[in-house]
Amino acid sequence: MVVFDKPKSLADVPLHYCPGCTHGIIHRLVAETIDELGIEGKTIGVAPVGCSVLAYNYFTCDMVEAAHGRAPAVATGLKRSDPDNHIVFTYQGDGDLASIGMAETVHAAARNENITIIFVNNAIYGMTGGQMAPTSLPGQVTQTSPYGRDTNHCGFPVKVSEMLSQLDGAGYIERVAVNNVKNVRNAKKAIKKAFQNQIDKKGFSLIEVVSTCPTNWGMTPEKALEWVEEKMIPYYPLGVYKDRDADSKAE
Amino acid sequence: MSEKVLMKGNEAIAEAAILAGCRHYFGYPITPQTEIAAYMAKKMPKIGGCFLQAESEVAAINMVYGVAGTGKRVMTSSSSPGISLKAEGLSYLAGSDLPSLVVNVQRGGPGLGGIQPSQSDYFQATKGGGHGDFKMIVLAPSSVQEMADLTIKGFDLAEKYRMTAMILADGTMGQMMEPVTLEAPSVNEYDKSWAVTGTKCDRKKNIINSLSLVPEELEKLNFARYERYKAIEENEVMYEEYMMEDAEICIAAFGIAARVAKNAINAARKEGIKAGLIRPITLWPFPNEVFKKAADKVESFISVELSMGQMIEDIRLASECKKPVYLCNRVGGMIPSPEMVLESIKAHYKGGTK
Ligand SMILES: Cc1ncc(C[n+]2csc(CCOP(=O)(O)OP(=O)(O)O)c2C)c(N)n1
């Protein structure tokens, strides 16, 4: 008999996320991973500023709340404090990671900082009510791009996984999605590998999770999942962008 | 080692930090404090410590935040423009009640300013240093020996009260060489049960956090923090008095300005002017009592500063405006000479209160 249980690493409290938001799924995948790898007692998570700011209430491991965009720097301190005994992950949105915190993100990757980053790309600033994000698609209507994102005026989205994969320091970069069962399974595999890499001291891992924001996209949860398939994934193709380990084996 | 060695002020800070048990340093290069980073870069790898050059002062202070969260001694250093960038982190450290040591070897401002000594970050350091209600313990060394001693003291106070201690030095203090005695201090053990080090699955999780969305709760946290600040104001004030027993005119100065002031006071005494000095060592908590008492004895105060007049406001408050407070200052990297201070003393001296 298969029992569908709550992971031990996920606290027994109601999540505050909107109906249809995929933060909950991603939390679960991270918590399952921590359980399966048996690292709950060593793990320190870093919550961002964004919709997942309260993630420190949801994971049962030690948690730190970082300033907007600074999670990779905070994680660097947490990791370097005791590199052999701390497993450190950050959980960040696109505004947090790819706009205000871009420098911290890029340099943590360049340093091959031995941490795991879960990057939730929902193409919008969720928490502040739906403004344009660095990952908002061309033409996407948001509160601060009411006529659609005009690339002549405010430029193009940042493709984080593609960009970071250019850095020698980055160890493992994969983009996944959580819009259907198959993609959720792949996402789990990627997240688990990103944590395993850290345990094995393989350095910087970042998993970009293409996610939804039905509330601020102004869609039903079902429509939002379709929008991921039809609009997001074509612009943000899924797959492994960097796997230093596999690359070196292949050579 | 307890024999005297000749050292730069910046190096004395670095070595003292190591002696105090600090094994994590994060910083970004800026004149006139880079010797601290250079010293740490050399030493830390040899003693199992971590020196890391951050991508910015913003990142450096957040790395400090990370290590501080684990309960270990950690520091960063910078100079004025870099401290402005650290303001966000300083506020988060305060909001999360984390200990840290931050060094500001000040240079002239505002903006990019210059690279010569200044004391014009006094307001920034003593009145908060970031958004929200908070304080930092601000220590103002006036010799290379004090650069070392106050660094050691700063780590202890930071842990004792779970807050940031800032060494507010200036370019002269950082660059000058003097003999110092350096000894490993005995380190006090404080409760660290709040630290995030992994639960080992045998305790409830800890959360390092400055977010508090319920106003009643956030208010309580602020009141509790200020209760702690009150204890610091009562117990941790440090200052030096020089020739104040019979002084009729009181110079107030800290850091390099206090050394200049002493020379001027010696010269004034030779001319029969009873001048004395109060040198605040803690700029916060400010030595209010000693100024208040002095106000009943002296005819006036002169605040000697490398700023447009910042500490002068605290002297007026402390002395309850009972006596005039004059300013004698140079700025932009300039330092008042003993002659200039002596001139100021002569100009304001009225011949004694009697
Ligand atoms: C320094 C600073 N600037 C701005 C904010 C306001 N703010 C809070 S959350 C947020 C955007 C978060 O968006 P994202 O990172 O995409 O995460 P999401 O909410 O979509 O999960 C902003 C701008 C802040 N808290 N701090």
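Numbers restart at 1 for each chain; the letters A, B, ... are given by sequence-line order, proteins then strands.
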Residue part contacting chain A, namely of [X], when any heavy atom lies under 4.5 Å:
X        : result
B:Arg203 : side chain
B:Ile61  : neither
B:Thr197 : both
B:Ala195 : backbone

Could you tell me which of [options] has the largest number of non-hydrogen atom pairs under 4.5 Å with chain A?
options                     : value
B:Val58, B:Val74, B:Leu213  : B:Val58
B:Val196, B:Val67, B:Asp202 : B:Val196
B:Asn209, B:Leu211, B:Val64 : B:Asn209

Within a 6.0 Å radius of atom [atom1] on [X], are there more than 12 heavy atoms belonging to other residues, nucleotides or ligands?
X        : atom1 : answer
B:Phe134 : CZ    : yes
A:Asp168 : CG    : no
A:Asp12  : CG    : no
B:Lys192 : NZ    : yes

Looking at chain B, which one of [options] has the largest number of heavy-atom pairs inside 4.5 Å, strictly under?
options                             : result
A:Gly69, A:Pro83, A:Ala73, A:Gly101 : A:Ala73
A:Thr43, A:Thr60, A:Val49           : A:Thr60
A:Ala11, A:Gly77, A:Ala110          : A:Gly77

What is the minimum heavy-atom distance between [X] and [Y], and which atoms define it?
X        : Y       : value
B:His24  : A:Ser81 : NE2-CA, 3.5 Å
B:Cys50  : A:Arg80 : SG-CD, 3.8 Å
B:Tyr92  : A:Glu65 : CE2-OE1, 4.5 Å
B:Lys205 : A:Cys61 : CD-O, 3.1 Å
B:Gly66  : A:Leu78 : O-CD2, 3.2 Å
B:Ile207 : A:Tyr56 : CD1-O, 3.6 Å

> Can you find a heavy atom in the side chain of B:Thr70 that is under 4.5 Å from one in the side chain of A:Asp82?
Replying inline: no
> Do B:Glu55 and A:Val106 touch side chain to side chain, with heavy atoms closer than 4.5 Å?
Replying inline: no
> Which bit of A:Ala66 comes within less than 4.5 Å of chain B, counting heavy atoms only: side chain, backbone, both or neither?
Replying inline: backbone
>> Under 4.5 Å from any heavy atom of chain B, what part of A:Leu54 do you find: side chain, backbone, both or neither?
In response: side chain
> Do B:Lys200 and A:Asp62 meet the salt-bridge criterion of a basic N to acidic O distance under 4.0 Å?
Replying inline: no
